[in-house]
Amino acid sequence: MRPDRLVVVCGTGTEVGKTWVSVRLIEELIRRGRTVAAHKPAQSFEPGATGLDAELLAAATGVEPTDVCPGHRSYPLAMAPPMAAAALGRPVFTIGDLAAETSFVEGTDVGIVETAGGVRSPQADDGDAVDLILALDPDHVVLVADAGLGTISAVRLSVEPLEARWPIVVLNRYDDSDALHRANRTWLTDRCGIDVVTSPIAVAERIDLGVTDRRTHVPGDIA
């Protein structure tokens, strides 16, 4: 079952704030009166860790963590999910398996799917986040990036393989008083033509309005 609007949240890498952005996005959409559900197709983590992605997404949507990430896709080992599964002796799984398990109850306005790691991080034995995005065919792709040094390269390298799935880029932890943050945002928007926002509220606005931008030129090209 597919929601009215399907959104995939991915990142330029680990620790860029995908889950923080996802939770704030969920909260804002709920505030706007939308019915929202979240999925984490697979997650891996240090044994004994708390505050897992699925737990935070579940708290935001009022469900159980296993409703967000099935128990058999939760791996207590800090590696990419398919690598963790192999190391733990768990069964091999595919992008097709993850896509088939990502469904929503009838009447869901917005479905949020959060990937693991960066856009080229393995999500399953046969594919990465880009492959999962193509399999899910979302209405919107949100790419979370850091606002500071190195983000221009990270964003351009992450946008390129998404091809026509031109994402909304969120510069997380953006500080408008920081000259570097402002310069990075300006370069990405003016030189690269990338849709850049600095808050989950701005993402919610685009989703709520149904704004979708699937461009035909090669992402990352400098005009």
Side-chain angles (χ1 to χ4, degrees), residues 1-12 14-43 45 50-74 81 95 97-117 119 123 129-130 132-145 162 165-174 195-214:
M1 185 69 68
R2 187 181 178 90
D4 182 53
R5 290 173 192 161
L6 181 60
V7 182
V8 173
V9 179
C10 55
T12 56
T14 58
E15 304 301 325
V16 293
K18 293 188 301 294
T19 304
W20 186 89
V21 168
S22 296
V23 169
R24 300 288 89 75
L25 176 58
I26 290 166
E27 292 172 345
E28 176 62 19
L29 289 168
I30 290 174
R31 189 190 69 79
R32 291 166 176 255
R34 306 303 176 214
T35 302
V36 187
H39 278 293
K40 181 84 175 184
Q43 67 176 0
F45 50 89
T50 58
L52 303 180
D53 294 349
E55 294 173 349
L56 298 174
L57 295 169
T61 52
V63 298
E64 294 298 318
T66 51
D67 294 324
V68 174
C69 182
H72 64 285
R73 299 290 181 231
S74 194
I95 291 293
D97 293 330
L98 296 183
E101 293 169 359
T102 303
S103 63
F104 298 85
V105 298
E106 187 175 358
T108 302
D109 294 326
V110 183
I112 306 291
V113 177
E114 183 189 312
T115 63
V119 297
Q123 306 297 300
V130 174
L132 181 58
I133 288 167
L134 294 175
L136 293 175
D137 189 27
D139 300 290
H140 307 271
V141 177
V142 177
L143 176 67
V144 181
L162 293 172
R165 301 291 180 177
W166 194 267
I168 304 167
V169 174
V170 181
L171 292 185
N172 196 25
R173 310 180 186 102
Y174 180 85
D195 184 12
V196 179
V197 300
T198 59
S199 76
I201 293 175
V203 178
E205 183 70 20
R206 283 160 169 74
I207 292 169
D208 221 18
L209 293 174
V211 176
T212 303
D213 186 4
R214 298 185 180 183

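This chain uses plain numbering: 1 for the first residue, then up along the sequence.
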Value rounded to 0.5 Å, distance of [atom1] in [X] from [atom2] in [Y]:
X: Ile30; Y: Thr61; atom1: CD1; atom2: OG1; value: 7.0 Å
X: Ser22; Y: Glu27; atom1: OG; atom2: CD; value: 11.0 Å
X: Leu132; Y: Thr102; atom1: CG; atom2: OG1; value: 6.5 Å
X: Ile207; Y: Leu25; atom1: CD1; atom2: CG; value: 4.5 Å
X: Leu143; Y: Trp166; atom1: CG; atom2: CH2; value: 11.0 Å
X: Lys18; Y: Ile112; atom1: NZ; atom2: CD1; value: 14.5 Å

[X] to [Y] - nearest heavy-atom pair and separation:
X: Leu162; Y: Pro167; value: CD1-CG, 3.9 Å
X: Ile26; Y: Ala38; value: CD1-CB, 4.0 Å
X: Glu101; Y: His72; value: OE2-NE2, 3.2 Å
X: Ala129; Y: Gln123; value: N-CG, 3.3 Å
X: Gly11; Y: Val16; value: CA-CG2, 4.2 Å
X: Glu55; Y: Thr50; value: OE1-C, 4.0 Å

Legend entry - Short N-O contact, Glu106 and Arg2, less than 4.0 angstrom: no
Legend entry - Salt bridge present between Asp109 and Arg5 (N-O < 4.0 angstrom): no
Inset, instruction - Apply the side-chain contact (heavy atoms from CB on, under 4.5 Å) test between Val144 and each candidate in Asn172, Thr12, Val203; give the one that qualifies. - result: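 So, applying the side-chain contact (heavy atoms from CB on, under 4.5 Å) to Val144 and each of Asn172, Thr12, Val203, only Asn172 qualifies.
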Inset, instruction - In sequence, state the C-alpha distance, the side-chain angles, and the governing distance for Leu6 and Leu136, and then conclude on side chain to side chain contact (heavy atoms under 4.5 Å, CB included). - result: CA-CA 8 Å; Leu6 181 60; Leu136 293 175; 4.2 Å; yes
Legend entry - Any side-chain heavy-atom pair of Trp20 and Pro200 under 4.5 Å: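 Counting from C-beta outward, Trp20 and Pro200 do come under 4.5 Å.
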Legend entry - Residue among Thr115, Thr19, Asp53 satisfying side-chain hydrogen bond (donor to acceptor under 3.5 Å, both in side chains) with Lys40: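 Only one of Thr115, Thr19, Asp53 forms a side-chain hydrogen bond (donor to acceptor under 3.5 Å, both in side chains) with Lys40, namely Asp53.
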Side-chain donor/acceptor of [X] to backbone N/O of [Y], under 3.5 Å:
X: Asp67; Y: Glu64; answer: yes
X: Ser74; Y: Gly71; answer: no
X: Gln43; Y: Ala54; answer: yes

